[in-house]
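Values below: every heavy atom of this structure, side chains too, minus hydrogens, waters and symmetry copies. Letters go in sequence order (proteins before strands), and every chain restarts at 1.
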There are 2 protein chains.
Amino acid sequence: MTAQDQKLLTDCSDCPIRHRAVCSRCEPNELDLLESMKYYRSFEAGQTVVWSGDRMDFVGSVVSGVATLTQTMEDGRTQMVGLLLPSDFIGRPGRDSSPYDVVAVTDVVMCCFRRAPFETLITETPHVAQRLLQMTLDDLDAAREWMLVLGRKTAREKIASLLLIIARRDSALQGGTGLGPVSFDLPLTREAMADYLGLTLETVSRQISALRKAGVISLEGKRHVTIPDIAALMEEAADDADGGFLV
Amino acid sequence: MTAQDQKLLTDCSDCPIRHRAVCSRCEPNELDLLESMKYYRSFEAGQTVVWSGDRMDFVGSVVSGVATLTQTMEDGRTQMVGLLLPSDFIGRPGRDSSPYDVVAVTDVVMCCFRRAPFETLITETPHVAQRLLQMTLDDLDAAREWMLVLGRKTAREKIASLLLIIARRDSALQGGTGLGPVSFDLPLTREAMADYLGLTLETVSRQISALRKAGVISLEGKRHVTIPDIAALMEEAADDADGGFLV
DNA sequence: GCCACCGGTTGATCTGCATCAAGGACTGTC
DNA sequence: GACAGTCCTTGATGCAGATCAACCGGTGGC
């Protein structure tokens, strides 16, 4: 870890997710309080952050990296139910265990708070509670959007929809223009994409190849994707034009 | 409307959803404020409450009846993304239009607040905001549970899962024991069930017949369902035993 | 009393994706 | 330099659920 990284990890005012996370609405004095409570945790790619059903005595935000929320049935079928990107929040006030597995898919740094103090905090600092409500409503909208994908879209449309989501989140974070070619690394394996989309990994692989052959996307290696024409990809995703370029 | 009904519709202290809705945490003085702001709206079965994209200048709770939240793609494919039962909340503070169609599937009575005053209210009465956060987190969990159903369950498991959800919500409202045979009316048509489950109405019909022939459920007419053995239905739904008999 | 319509059931056939199977590219290890 | 392991691709085949189609029963209009 460089000295620069270390600074980012100690001073809230330099935090890369300062303007998007639960703390984004805080007044300076509230931020001081959070600053004194917070601690950082790091997870390596592949490491499980919390197991479904296990006790969870902290809540927190993803600072960097990507994690997933998954549910698994007794016979092993698994469905991803959330993709946690930087600034996303994990944990629920008022509940002491996670109903989902939380897994780091890349190296992840989280900004954490112990659950009990955080719970008293949200009853007392309205700006945190308000921001948490807003973020939860956004998550709910995203989940409902995803229900349409899972329930009604074809395999090809599902892949296009996932690529769009990642492209949008990515460019929102990088501050891209939203115009011209977009390029990013897929943070997920084919299998993880399959779990997100309710498909098999073979189908994911075939549909990515199909989109490549159709010229809708191009690949360098297996993970780096370039989208020459976002509108064409939206067409493939059967996305309504609304939603635009926002997350 | 009988005099009794009229009373239920004017006095919060007798309201059937008093202990579950957004107002359930309110202190008496907060409740007085809400009482003075609220107004009732009725919708007939089949009537659209709000169209997707339309301006929505109120928020509110379902007092009685059942409504649905649906998304429709340009080519007509539709996916239900929420089932609104009594005490459920509609509308989002900070947004002036609905991203979903809201449709009454039975006659519905709603307890409404104009959006602007409600928004100022939630910044000032923490108990409403806290309850709204809790309800939104519950909705998010329900949506994620549903993602597993949509993404990974078979048609038969989907039907069993839906029947379980309705049975649970129903018995929670009626205060049933959770043991012994359970019996209820389906509020949804076969087509609406198909839209909820990401199936066609023919498949819904076939799977209901199959569950009936297998003795897992019995039907009187097309809508009244009796479940002789809840555990057997849970088996069919491939539900983990957790979740138990709560909503 | 006739007809139209709506919600539902059931049958025949088709098809998109799952499943089963083989092998390639790359990485790290000894 | 051989190897094992991980991630991915591609091909062959099977099947669950979609699609197309016919028909049933109840209900409301006139």
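The only option from A:T68, A:D195, A:T106 that meets the side chain to side chain contact (heavy atoms under 4.5 Å, CB included) definition with A:L188 turns out to be A:T68.
Rounded to whole angstrom, the span from the CE atom of B:M193 across to the P atom of C:dT9 amounts to 8 Å. In this entry the distance linking NZ of B:K213 with P of C:dT9 reads 10 Å, nearest Å. Rounded to whole angstrom, the span from the CD atom of A:E202 across to the C1' atom of C:dG16 amounts to 14 Å. Across the protein-nucleic acid pair, B:L199 atom CG and C:dG8 atom P stand 15 Å apart, rounded to whole Å. Put simply, CD1 on B:I159 is 13 Å from C1' on C:dG8, counting in whole angstrom units. The distance from atom CZ of B:R212 to atom C1' of C:dG8 is 12 Å, rounded to the nearest whole Å. For the pair B:L188 CG and C:dG7 C1', the computed distance is 13 Å after rounding to whole Å. Spacing between atom CZ of A:R77 and atom P of C:dA18 amounts to 13 Å, rounded to whole angstrom units.
Applying the salt bridge (charged side-chain N to carboxylate O under 4.0 Å, His left out) test to every pair with at least one member in residues 63-72 of chain A, sequence neighbours left out, gives no pairs at all. Among pairs with a residue in residues 136-164 of chain A, those fulfilling ring-ring contact (aromatic ring centres under 6.0 Å, His included) read A:W146-A:Y196, at least two apart in sequence or across chains. Sorted by first and then second residue, the ring-ring contact (aromatic ring centres under 6.0 Å, His included) pairs with a member in residues 207-228 of chain A form an empty list; sequence neighbours excluded.
Electrostatic pairing of A:R144 and A:D139 does not count as a salt bridge here, judged by no charged N lying under 4.0 Å from a carboxylate O. The pair A:D88-A:R20 does not count as a salt bridge, with every side-chain nitrogen at least 4.0 angstrom from each carboxylate oxygen. Between A:D141 and B:R95, at least one side-chain N (NZ, or NE/NH1/NH2) sits under 4.0 Å from a carboxylate O, which counts as a salt bridge. Salt bridge annotation for A:E236-A:K153: absent, with no cationic side-chain nitrogen under 4.0 angstrom from a carboxylate oxygen.
Annotation: the span from B:S161 atom OG to B:D239 atom CG amounts to 5.5 Å, rounded to 0.5 Å.
Residue A:G198 is classed as a sugar-phosphate contact, given heavy-atom separations below 4.0 Å to backbone atoms only. Residue contacts for A:T189: at a heavy-atom cut-off of 4.0 Å it reaches the sugar-phosphate backbone alone, with no base atom in range. Among the atoms of the strands shown, none is found under 4.0 Å from any heavy atom of B:R156.
Within the 4.5 Å cutoff, no side-chain heavy atoms of B:T226 are placed close to those of B:V182.
Applying a 4.0 Å cut-off to non-hydrogen atoms, the residues of residues 146-155 of chain A that approach DNA chain C are A:T154, A:A155, listed by residue number.
The minimum heavy-atom distance linking B:L140 with A:A143 is given by the pair CD1-CB, 4.1 Å. Considering every non-hydrogen atom in both B:R152 and A:T78, the closest pair reads NE-O, 2.7 Å.
One finds a side-chain N or O of A:T203 lying less than 4.0 angstrom from the OP1 or OP2 phosphate oxygen of C:dA18.
Here the side chain of A:Q207 is nearest to one of C:dT9, C:dC17, C:dA18, namely C:dC17.
Comparing the end axes of the helix from C:dG1-D:dC30 to C:dC30-D:dG1, each fitted to five base pairs by superposing C1' atoms of four pairs onto the next four, gives an inter-axis angle of 30° (nearest 10 degrees).
You'll find a donor-acceptor pair under 3.5 Å spanning the side chain of B:R206 and the base of C:dG11, going by distance alone.
Reading DNA chain D from its 5' end, the first and the last nucleotide to sit under 4.0 Å from a heavy atom of chain A are D:dC8 to D:dA12.
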